[in-house]
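These figures come from a predicted structure and were not determined experimentally.
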Amino acid sequence: MAGRRARTSFAAIDFETADHQRDSACSVAVVRIENGRIVDQLHTLLRPPRKEFVFTYLHGITWAMVRRAPTFGDAWPNLLKLLTGVELVAAHNASFDRGVLRSCAERAGLIIPDLRFECTVRLAREVLGIYPATLENVCRKLRIPLNKHHDALCDASASARIVLAARECQLKRASAPFMQKRGG
């Protein structure tokens, strides 16, 4: 339609895992953004396939907290609703979250849609020029609240805001006046 801006949407995702295996998601959050605004979000604890928890010291999640939680397969239909139709899925260190998503889906016998992932570590470095690109440092530099790192919803929200900041930076660069060098 002429005169109307295209609707843009993306999602940010974050997983917390119980152990070193990628199929051990014990928490997941998805934040959906449309036209620069958060329009929906979902966070749930997940029951991983094993009772062993190695990373409780990072995220505070224990087997006792998740033993009655849904499995990834049980939670997938609600997660899929937030991921359907998005341009991309953002995550801080996207290869990790993409791997967890694939491993959990494979264990559950699910086929995930083809999702384009964008890494907010890469955006922080290449678009925003922020080093080191840890989530804490990027959020501090961009003044993004990060109340509790390794909380899936907090981290997914932060990743969404990093994408928005990178897009704003790219728009400013694109609209900057063209400067010509003078020969001499």
- Item | CA sep, side-chain torsions, deciding dist, call: Asn137, Thr134, side-chain hydrogen bond (donor to acceptor under 3.5 Å, both in side chains) | CA-CA 5 Å; Asn137 190 55; Thr134 63; 5.1 Å; no
- Item | From CA spacing to verdict: side-chain contact (heavy atoms from CB on, under 4.5 Å), Leu42, Lys81 | CA-CA 10 Å; Leu42 173 69; Lys81 289 176 188 173; over 6 Å; no
- Task: Please test Leu153 against Gln41 for side-chain contact (heavy atoms from CB on, under 4.5 Å), starting from the C-alpha separation and ending with a verdict.
- Result: CA-CA 8 Å; Leu153 184 56; Gln41 60 188 27; 3.9 Å; yes
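Within the 4.5 Å cutoff, side-chain heavy atoms of His59 are placed close to those of Cys26. You'll find the side chain of Trp63 reaches within 4.5 Å of the side chain of Arg47, heavy atoms only. Side-chain contact between Thr120 and Val138 is absent, with no heavy-atom pair separated by less than 4.5 Å. No side-chain heavy atom of Thr56 sits less than 4.5 Å from a side-chain heavy atom of Ile61. Using a 4.5 Å cut-off on side-chain heavy atoms (C-beta onward), Phe117 and Ser95 make no contact. Side-chain atoms of Leu88 and Leu115, non-hydrogen and from C-beta on, never get closer than 4.5 Å to each other. At a threshold of 4.5 Å between non-hydrogen side-chain atoms, the residues Gln21 and Arg50 count as touching. The shortest distance between side-chain heavy atoms of His20 and Val54 falls below 4.5 Å.
With sequence neighbours left out, Phe15 forms a ring-ring contact (aromatic ring centres under 6.0 Å, His included) with no residue at all. For the side-chain hydrogen bond (donor to acceptor under 3.5 Å, both in side chains) test, no residue two or more places apart in sequence or in another chain qualifies with Asn78.
Taking CG from Asp97 and CZ from Arg22, the interatomic distance works out to 8.5 Å, rounded to the nearest 0.5 Å. Taking CD1 of Ile144 as the reference point, atom OG of Ser157 lies at 10.0 Å (rounded to 0.5 Å). Between Leu123 atom CG and Ile162 atom CD1 the span is 8.5 Å, to the nearest 0.5 Å. Note that CD1 of Ile33 and CG of Asp40 are 10.0 Å apart. Values are rounded to the nearest 0.5 Å. Separation of atoms CG (Asp19) and CZ (Phe53) is listed at 8.5 Å; rounding is to 0.5 Å. In this structure, Thr8 OG1 and Arg167 CZ are separated by 5.5 Å, a value rounded to the nearest 0.5 Å.
Note on Arg32 versus Glu87: no salt bridge recorded, every NZ/NE/NH1/NH2 to OD/OE distance being 4.0 Å or above.
Enclosure of atom CZ in Arg37 is not indicated, since only 12 or fewer non-hydrogen atoms of other residues, nucleotides or ligands lie within 6.0 angstrom.
Evaluation of the ring pair (Phe, Tyr, Trp, His ring centres under 6.0 Å) test over residues 76-97, restricted to residues two or more places apart or in two chains, returns Phe72-Trp76. Applying the salt bridge (charged side-chain N to carboxylate O under 4.0 Å, His left out) test to every pair with at least one member in residues 122-139, sequence neighbours left out, gives these pairs: Glu118-Arg122, Arg122-Glu126. Residue pairs meeting the salt bridge (charged side-chain N to carboxylate O under 4.0 Å, His left out) criterion with at least one member in residues 140-157: none, sequence neighbours excluded.
Checking each of His43, His150, Glu16 against Ser27 for a side chain to side chain donor-acceptor pair (under 3.5 Å) leaves exactly one that passes, namely His43.
Here the closest heavy-atom approach between residue Cys139 and residue Ala158 is recorded as SG-CB, 3.6 Å.
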Show every donor-acceptor pair shorter than 3.5 Å between a side-chain atom in residues 99-112 and any protein atom, with sequence neighbours excluded, or say none if there are none.
{"unit_1": "Ser103", "atom_1": "OG", "unit_2": "Gly99", "atom_2": "O", "d": "3.0"}
{"unit_1": "Arg107", "atom_1": "NE", "unit_2": "Asp23", "atom_2": "OD2", "d": "2.5"}
{"unit_1": "Arg107", "atom_1": "NH2", "unit_2": "Asp23", "atom_2": "OD2", "d": "3.2"}

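Formation of a donor-acceptor pair under 3.5 Å by the Ser24 side chain with backbone atoms of Ala18 is found in this model.
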